[in-house]
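Reading through the C-alpha cells given below for one structure.
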Amino acid sequence: TPAISLCSQSLMLAKAKEEWDQEIVDKQAEKERYLSERITPLHTSGLSLSQLQDLCRELHEKVEIVDEERYDIEAKCNHNTREIKDLKIKVLDLRGKFKRPPLRRVRVSADAMLRALLGSKHKVSMDLRANLKSVKKEDTEKERPVEVGDWRKNVEAMSGMEGRKKMFDAAKSPTGQ
C-alpha cells in the first residue's frame, strides 16, 4: 500500500542520513589522526634568530619538495586525461559514430575555390560578368508598350450589357478586336 511504502522510504532515508553523518565524522577524525602523525607541532619559543632562520629554511625546502610532487602528479593526471580523451575518440571512430564539430562559414572567392580544386599550378581567373548577355534599354521598352488612359472610361464602357457584348465579340474575333 502507499502508506507502507512511504513509511519504509522515510525510514530508509533517515538511516541513510545517519550513516552519511557518521561517515563525515569518521573522515574528519581520520584526517585529524593523519595530520597529527605527519605534522609535528612547531616549538619556536626559546630559539635564537639563527635557529629560527634555519627552521624557516628547512620548512621552505619541504614546501618546495611537496610542490614538485604536486606538479608531477598534476602533469601525470593531465596526461592521463588527454590519453583517455584520445582513446574515446578512437573508440567513437571505430564505432562509426563521430560527433561533428560545429562548422564555421568561410567566404571564399571563385578564384580561390578554383585554385583549391585544380591546384596551385593552374592560374585560372574567372570573370563572371564576361559571360552575361548585354541588354539594351531600348529593347526592353519596345517589348511591352504601356497604355496610359483614364480608368473610369474603361469601367463605364465595360459596364452593362454593351460592355459584356464587346468582350464576347472580342473573344470570338480572330484578330482580337
Side-chain angles (χ1 to χ4, degrees), residues 1-137 139-141:
T1 63
I4 293 173
S5 66
L6 184 62
C7 182
S8 64
Q9 285 178 353
S10 63
L11 287 173
M12 287 192 312
L13 283 174
K15 182 68 176 166
K17 185 173 182 347
E18 288 175 11
E19 289 179 5
W20 188 43
D21 292 339
Q22 184 61 37
E23 187 177 324
I24 290 173
V25 169
D26 291 344
K27 282 185 179 180
Q28 187 66 27
E30 178 67 24
K31 182 179 178 181
E32 289 174 5
R33 185 191 61 77
Y34 179 78
L35 289 176
S36 66
E37 286 177 6
R38 297 281 294 189
I39 300 173
T40 58
L42 288 177
H43 299 289
T44 57
S45 61
L47 295 177
S48 68
L49 181 63
S50 62
Q51 290 174 334
L52 286 174
Q53 287 176 346
D54 291 339
L55 180 65
C56 287
R57 286 187 193 109
E58 288 176 21
L59 291 175
H60 187 68
E61 289 173 6
K62 288 181 182 180
V63 167
E64 284 181 357
I65 292 171
V66 169
D67 270 347
E68 287 176 6
E69 289 176 2
R70 183 187 56 82
Y71 178 78
D72 292 341
I73 291 172
E74 188 176 333
K76 286 180 184 177
C77 184
N78 288 338
H79 176 73
N80 288 341
T81 54
R82 269 189 256 116
E83 191 174 334
I84 288 171
K85 187 177 178 182
D86 292 341
L87 290 174
K88 281 183 181 179
I89 290 173
K90 285 182 182 178
V91 167
L92 286 175
D93 286 344
L94 291 175
R95 277 194 213 155
K97 296 178 182 176
F98 179 69
K99 185 177 179 184
R100 291 185 180 141
L103 300 176
R104 295 181 295 148
R105 289 185 180 233
V106 179
R107 292 187 179 213
V108 180
S109 67
D111 293 336
M113 197 177 305
L114 284 173
R115 257 188 264 120
L117 291 173
L118 300 176
S120 62
K121 293 180 181 178
H122 300 282
K123 292 188 177 179
V124 179
S125 63
M126 185 176 212
D127 188 13
L128 298 174
R129 293 183 180 166
N131 297 332
L132 295 176
K133 181 181 174 184
S134 61
V135 179
K136 297 178 183 176
K137 279 190 174 181
D139 294 341
T140 58
E141 291 175 3

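Quantities reported herein were computed from a predicted structural model and do not represent experimental measurements. Reckoned from all heavy atoms, side chains included, excluding hydrogens, waters and symmetry mates.
- For the atom pair K15 NZ and L11 CG, the distance stands at 11.0 Å (nearest 0.5 Å).
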- Message: side-chain contact (heavy atoms from CB on, under 4.5 Å) for K85 and R82? Distances and angles first, verdict last.
- Response: CA-CA 5 Å; K85 187 177 178 182; R82 269 189 256 116; 5.6 Å; no

Distance-only check: which donor-acceptor pairs under 3.5 Å involve side-chain atoms of residues 30-39, not counting sequence neighbours?
{"from": "E30", "atom 1": "OE1", "to": "R33", "atom 2": "NE", "distance (Å)": "3.4"}
{"from": "E30", "atom 1": "OE1", "to": "R33", "atom 2": "NH2", "distance (Å)": "3.4"}
{"from": "E30", "atom 1": "OE2", "to": "R33", "atom 2": "NH2", "distance (Å)": "2.4"}
{"from": "R33", "atom 1": "NH1", "to": "E37", "atom 2": "OE2", "distance (Å)": "2.5"}
{"from": "S36", "atom 1": "OG", "to": "E32", "atom 2": "O", "distance (Å)": "3.3"}
{"from": "S36", "atom 1": "OG", "to": "R33", "atom 2": "O", "distance (Å)": "2.7"}

Could you go through residues 62-73 and list every donor-acceptor pair under 3.5 Å that involves a side-chain atom there, pairing it with any protein atom two or more places apart or in another chain?
{"from": "E64", "atom 1": "OE2", "to": "H60", "atom 2": "NE2", "distance (Å)": "3.1"}
{"from": "R70", "atom 1": "NH1", "to": "E74", "atom 2": "OE1", "distance (Å)": "3.3"}

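- With contacts defined as side-chain heavy-atom distances shorter than 4.5 Å, the pair D86/E83 does not qualify.
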- Yes or no on side-chain contact (heavy atoms from CB on, under 4.5 Å) for L55 and L42, after CA distance, side-chain angles and deciding distance? CA-CA 9 Å; L55 180 65; L42 288 177; 4.3 Å; yes

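- To the nearest 0.5 angstrom, E19 atom CD is 10.5 Å from D21 atom CG.
- One distance of note links NZ of K88 with CG of D93; it measures 14.5 Å at 0.5 Å rounding.
- In this structure, the separation between CD1 on I89 and CG on L94 is 12.0 Å, given to the nearest 0.5 Å.
- S48 meets the side-chain contact (heavy atoms from CB on, under 4.5 Å) test with S50, Q51; sequence neighbours excluded.
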